[in-house]
Amino acid sequence: MNRITTRRVAFNIHVLKFAQRTLCSGAGAKLPGSDGDQSLTGKHEFPNNVPIYDVAIVGGGMVGMALACSLASMPLTKQLSIAIIDSNPALLSGDRINKEDPPDPRVSTVTPATIALFKGVGAWQYIEEHRHAYFDKMQVWDYTGLGYTRYNARDINKEVLGCVVENKVLHRSLLSCVQNSALQKTIHPVRLSSMILRPSSSSHHGDLAKLELSDGSSLYAKLVVGADGSKSRVRELAGIDATGWKYPQSAVICTVEHMEQNQCAWQRFLPNGPIALLPIGNKFSNIVWTMKPHESSDRKSMTEVDFVKEVNHALDSGYGPHPQSQLFGGGDVFSWLPANMTKSAYENFEIPPKVVKLASERMAFPLSLMHANHYASKRVVLIGDAAHTVHPLAGQGVNMGFGDAFSLSKVVAESIAVGSDIGEVSLLRRYESERKPANLTLMAILDGFQKAYSVDFGPLNVLRAAALHGAQYISPLKRNIIEYASGEQRFPLFS
Amino acid sequence: MFRAKTIVFSSSTMASKLLLTRLRTLTRPSNPFKNPNFEAQTLIQIRQYSDPIDPAAPPTPAIANFNRASKSSLNETELEKFSAIAETWWDAEGPFKPLHVMNPTRLAFIRSTLCRHFGKDQNCARPFEGLKFVDVGCGGGIISEPLARMGASVMGIDAVEKNIKIAQLHADLDPITSSIDYRCTTAEKLVEEQRQFDAVIALEVIEHVANPSEFCKSLSELTSSSGATIISTINRSMRAYATTIIMAEYVLNWLPRGTHEWSSFLTPEELVLILQRASISVSPFE
């Protein structure tokens, strides 16, 4: 029963030929030269030249590439053949990032848990070659001036609270990691047009998913991964519904410069939305400012000098007074708690560093919450923004996506270990049951924050301030918060 | 003289496994590998459905090519019931759902023990490359296909023709599994053909065999001298009685009453004895 097979392995870019129609019957699987007892490796080709891949990752962004990187790093999955479908030219250009460029405004805060995952697959070393900024302190306060919270990594005996990295650096690093691995991958620089998931009797490829691409070519895949962002085409084609709502807010992002190095992350909740100042390195910081949509278009178009003034106003002098340090005599209210106070409980309120100059263009994005009702259906699975989007106020969005990618690759490895078809729904549901509760919990918390801070009502302001105080002075609570936000803990409070 | 190692997998600790056993047997005749000299009373022991098999009625195996070793208690109505259920073998949400739910666990166990036995690397995607396995009583092939994906050359045998057809159809969907050799036959017949395999896997079969020791002898003869036999069955314990018979058949009505006969279950000790008498050495299982 030996069938000799031919295996073709493509490593780099090529545009597929148009699919050739053939009149062969369903005997495709048994023809000599086809794949008989072919191993799982290698891209199969059938007589009509439509390639078959094990995994098709639609969307080669950060999360899609993280999945590819993770699959490349595990012994059970590194022989899979992967197609990456993304029309972004950055995937093919191979340009090196110019280190002299000012930081791109699109950045992400990477939590320690994500850093650990990256280190596990060997991708973090690429990020360390480019600009990145660890920070170990964070200060959160609001415009009412009634309270503030400071977090310090030493509270949980860690070195850092997170690392701020430009998205293009993350992307390029993951891409390098994948390209330097032995993974068989083919990048298709096109968009996905349509997808056929149900088996057709005429197809001798059984019930593989067939993807039709925008250049007219097509391919088969055992598993289709939707990593194509919040307006996911894969989610749409798979018929997976999503729930969510738009926030009446947009975010403006830009890079700014200070006089000296900023090493703390700052977030101030204003009446219309929070403004966050995150260090990127070399005296630069990134601003993520959430505001009403009409304000965002105003602020995007105003002059740079005016904008810098507005930023300083928002961070420091405007909207309300500074919180007083050591309110109520230094937290005596909570002195009945066991004396294991976090270091940051004693820190005074600090004024954020003044912004001197705008260093990049300003970008504005509408904000919304979205959660797909299912993460997995037959042969299709969603990760990253395709499955969920959140408000940027806690810097968690892409971390959830990375969590999804690494969890999915683990589930794929487990499927292969038990010899199962990797597109089998029951095993994909394991991924869903691992990620969905954690994602939903975090999303609920973030949405709660967004709603709590969007109302300016006296008693509610006092409640919020009391909560901030609680977070500042009740050390076990603070440790819990930090550990949860760092990704060390799956669920808040109950671990 | 012990010829081959056996790994015994007692499912007494997993209630769902008990149910899966029952569901698996719904598509298989009660006695695929029967002793040629079965007595009438064994028919009562191995009833599949609530309609009692009339011991006076001659068994009518609709399956061709059964020799003296394969007189079964099949009759037309049972075959039709098997056929009706046979299509749902691969429906993960259908009547075989507990089977599918349990499958990853069974396969993980089989993979780790066989990798240890043959000295293969567990982290390899296809550790059983070059080995020949036989899945006795394969049903729809839910064990045969994963084993084929792990690299083994698999032969799947079952006494119900429809099962073989379903298994073949499903296996043809994936080029890797289309190489599985499915046959409607019995272990005894393979012994007559003097076939030998590196691993003989008989999951949830032995409790339906009239003569377990003869069956084990057949399995033993099919196993090569350095090979392994894997058997799984339900323990004859009070807990099994409570779950598979009382709960599944009477309370929850998942299975027709009379599907199982508690007296035909085997305890691990008995199974070990039978295997040792069939010249199979048994290694302690974790």
Side-chain angles (χ1 to χ4, degrees), chain A residues 1-3 5 7 26-31 33-46 52 54 71 73-81 199-201 203-208 220 222 378-379 411-430, chain B residues 90-94 96-112 114-115 120-133 135 141-155 168-182 201:
Chain A
M1 215 179 299
N2 284 325
R3 295 188 194 134
T5 61
R7 234 175 54 172
K30 308 229 190 288
L31 288 177
S34 76
D35 305 71
D37 51 358
Q38 171 62 278
S39 68
L40 196 58
T41 68
K43 186 181 67 173
H44 312 298
E45 290 234 352
F46 271 69
I52 299 185
D54 295 313
L71 289 173
S73 70
M74 289 191 291
L76 281 169
T77 54
K78 62 183 179 198
Q79 83 295 344
L80 293 175
S81 62
S200 66
S201 50
S203 154
H204 48 259
H205 303 136
D207 55 355
L208 295 181
Y220 287 99
K222 293 188 178 143
K378 187 163 180 6
R379 300 216 177 273
V411 165
V412 169
E414 283 165 9
S415 298
I416 292 180
V418 292
S420 141
D421 183 354
I422 54 176
E424 188 64 52
V425 176
S426 49
L427 287 150
L428 293 177
R429 292 226 188 278
R430 266 207 226 157
Chain B
W90 284 99
D91 179 5
E93 303 295 321
F96 291 107
K97 182 171 173 180
L99 215 75
H100 286 272
V101 167
M102 237 218 61
N103 225 19
T105 318
R106 290 199 293 188
L107 284 163
F109 173 82
I110 292 174
R111 182 196 168 96
S112 65
L114 286 182
C115 277
K120 301 286 183 187
D121 175 22
Q122 278 247 41
N123 279 332
C124 175
R126 295 171 59 86
F128 302 137
E129 199 81 55
L131 295 174
K132 290 193 301 196
F133 290 4
D135 181 8
I142 60 172
I143 290 285
S144 308
E145 286 196 16
L147 289 174
R149 287 201 189 92
M150 291 191 215
S153 306
V154 179
M155 177 187 292
Q168 188 75 66
L169 271 174
H170 192 271
D172 283 341
L173 295 177
D174 185 347
I176 301 166
T177 54
S178 58
S179 62
I180 298 175
D181 185 11
Y182 282 115
I201 297 166

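Lettering of chains follows the sequences in order, A, B, ..., and the numbering in each one begins at 1. This structure is a prediction, so every number in the text was calculated from the model and none was measured.
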Rounded to the nearest 0.5 Å, how far does NZ of A:Lys222 lie from CD1 of B:Ile176?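 Between atom CD1 of B:Ile176 and atom NZ of A:Lys222 there are 4.0 Å.
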So, taking the atom named CG in A:Leu208 and the one named CG in B:Asp174, what distance separates them when rounded to the nearest 0.5 Å?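 Reported value, rounded in 0.5 Å steps: 7.0 Å.
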Worksheet item: Using non-hydrogen atoms only, which part of A:Arg429 is less than 4.5 Å away from chain B: side chain, backbone, both, or neither?
Response: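 No part of A:Arg429 comes within 4.5 Å of chain B.
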request  = Heavy-atom distances under 4.5 Å only: say whether A:Ser426 touches chain B with side chain, backbone, both or neither.
outcome  =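 No part of it gets close to chain B.
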Closest heavy-atom contact between [X] and [Y]?
X: B:Arg149; Y: A:Ser420; answer: NH1-C, 3.6 Å
X: B:Cys124; Y: A:Leu76; answer: O-CD2, 3.6 Å
X: B:Leu107; Y: A:Val418; answer: CD1-O, 3.3 Å

Contact winner vs chain A - B:Gly151, B:Ser112, B:Pro146, heavy-atom pairs under 4.5 Å: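 That would be B:Pro146.
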Please determine, among A:Val425, A:Leu427, A:Asp421, the option with the most heavy-atom pairs under 4.5 Å with chain B.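 Top count of heavy-atom pairs under 4.5 Å with chain B: A:Asp421.
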field: side-chain contact (heavy atoms from CB on, under 4.5 Å) partner of B:Pro104, chosen from A:Glu424, A:Arg430, A:Glu414
entry: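 Looking at A:Glu424, A:Arg430, A:Glu414, the match for B:Pro104 under the side-chain contact (heavy atoms from CB on, under 4.5 Å) is A:Arg430.
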